[in-house]
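To start, the structure itself, in structure tokens.
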2 protein chains.
Amino acid sequence: MTERAEAAGPERDPEAVSKFVEGFAAQLVEAGMQRMPARVFAALLASDSGSLTSAQLGEQLQVSPAAVSGAVRYLAQQHMVAREREPGSRRERYRVHSNQWYEALTNREAVLKRWEAALREGVTSLGAETPAGRRMAETLAFFEFVDEEIAAMMERWRVHREKTFGAP
Amino acid sequence: MTERAEAAGPERDPEAVSKFVEGFAAQLVEAGMQRMPARVFAALLASDSGSLTSAQLGEQLQVSPAAVSGAVRYLAQQHMVAREREPGSRRERYRVHSNQWYEALTNREAVLKRWEAALREGVTSLGAETPAGRRMAETLAFFEFVDEEIAAMMERWRVHREKTFGAP
DNA sequence: CGCTACTTTCAGAAATTTGTGAAGTTAAGA
DNA sequence: TCTTAACTTCACAAATTTCTGAAAGTAGCG
């Protein structure tokens, strides 16, 4: 089994790559992510350089440029990939920053905030002294607690990571 | 039709309830949950007793018994509601245990485990010494870290909750 | 300035998901 | 045992989502 370096033409066992990509994407889908973003993300994760062009993605996943465009837009919004322009070309590369992306995954912050807002409204409109209001207030407190804890956890991860894998 | 369960107390404004239910459900949907389970869950959360019968749910949400059945099956699988048989009736009640349910929400444990499995396979099949393999190994390490942290966090929440809201 | 190489947008076809009515199943109570 | 209230399952219609091809935009380079 030969391990080709990637610089020029990454001819890695395409079947092994594809198997991983589809398998991991399937798990992400099951967790609620849309299929195409999940596949694109998995493909990037499985690339040696951590970045691929739009054309490469379309080729590898057998989908149209339009599909890649849509998926990438979504991923960029979620901060799960970065877009970078290749200097001297209008070709774009999409990249998983090994740090960045899992922060994004935990970064349900925006989601949590909206849940909290909805709950706060519920507590007010149903009455803080009603049983339902009390239950919702407790739920709200839980999310607020989680918010803070997640931040602290990510900080610990950064430390742990540097110890284990070296430089940031 | 002895259904006036939420007896006593001030009349609840059905419109306020509905507004909360639909609003909160919408947020859950946006985060990846299916619509009907989200609505059912929100309705339970907003009920004073914390539990409703299948008929009450169908009535309040304007959906068929079949839809309620499906939604409730899903929620029970996710441990987000408990089913209880009313003694002396085949009527069933669905309940949010104020503790239980947010544990379930954080309880992505099963999900995380499957992600980890997929990543482990990827590391093996692409080679632990390849750049892609290393990236996936780091990702895997992150999830393993999160697993442990979540457990610890829930423990801290239990303590915090008892201090703030009293008895479990 | 316009050519060309990419990317994005958009309307609609195709696939998937969702909810319904109706039939099927189960168990309480007579 | 039979009746009947209640939940569940199933096939299908409706709604929604997803992907595509084609047209339109955008920016480097001659």
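We name chains A, B, ... by the order of the sequence lines, and we start the count at 1 in each one. Because only heavy atoms are used, hydrogens play no part in the values below, and waters and symmetry mates are left out as well, while side chains stay in.
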>> At 10 degrees resolution, what angle do the end axes of the helix from C:dC1-D:dG30 to C:dA30-D:dT1 form when each is taken over five base pairs?
In response: 20°

Got a list of side-chain donor-acceptor pairs under 3.5 Å for residues 140-150 of chain A, not counting sequence neighbours?
residue  : atom : partner  : partner atom : Å
A:Glu144 : OE2  : A:Arg120 : NH2          : 3.0
A:Asp147 : OD2  : A:Lys113 : NZ           : 3.0
A:Glu149 : OE1  : B:Arg156 : NE           : 3.0
A:Glu149 : OE1  : B:Arg156 : NH2          : 2.5
A:Glu149 : OE2  : B:Arg156 : NE           : 3.3

Whole angstrom value for the distance that separates [atom2] of [N] from [atom1] of [X]:
| X | N | atom1 | atom2 | result |
| --- | --- | --- | --- | --- |
| A:Leu75 | C:dT7 | CG | P | 16 Å |
| A:Glu84 | C:dT7 | CD | P | 13 Å |
| A:Arg93 | C:dC6 | CZ | P | 13 Å |
| A:Arg83 | C:dC6 | CZ | C1' | 12 Å |

With [X], which residues qualify under salt bridge (charged side-chain N to carboxylate O under 4.0 Å, His left out), at least two apart?
| X | answer |
| --- | --- |
| A:Glu121 | B:Lys19 |
| A:Arg95 | A:Glu84 |
| B:Glu15 | none |

> Could you give all pairs that pass the ring pair (Phe, Tyr, Trp, His ring centres under 6.0 Å) test and reach residues 26-52 of chain B, with sequence neighbours left out?
Replying inline: B:Phe41-B:Trp101

> For residues 63-74 of chain A, which residue pairs qualify under salt bridge (Lys or Arg N to Asp or Glu O under 4.0 Å), counting only residues two or more places apart or in two chains?
Replying inline: none

> Could you give all pairs that pass the salt bridge (Lys or Arg N to Asp or Glu O under 4.0 Å) test and reach residues 20-38 of chain B, with sequence neighbours left out?
Replying inline: A:Arg114-B:Glu30, B:Glu22-B:Arg39

> Reading DNA chain D 5' to 3', which nucleotide is the first, and which the last, to come under 4.0 Å of any heavy atom in chain A?
Replying inline: D:dT18 to D:dC29

> Hey, is CD on A:Glu59 packed in by over 12 heavy atoms from elsewhere, all under 6.0 Å?
Replying inline: no

>> Across nucleotides 9-27 of chain C, 5' to 3', mark each nucleotide with B, S or - according to how protein heavy atoms within less than 4.0 Å reach it.
In response: B--------SSBB------

>> Taking side chain to side chain contact (heavy atoms under 4.5 Å, CB included) as the definition, give me every residue that meets it alongside A:Ala76, ordered by chain and number, with sequence neighbours left out.
In response: A:Val81, A:Arg83

>> Tell me every residue that passes ring pair (Phe, Tyr, Trp, His ring centres under 6.0 Å) with A:Tyr94, counting only those two or more places apart in sequence or in another chain.
In response: none

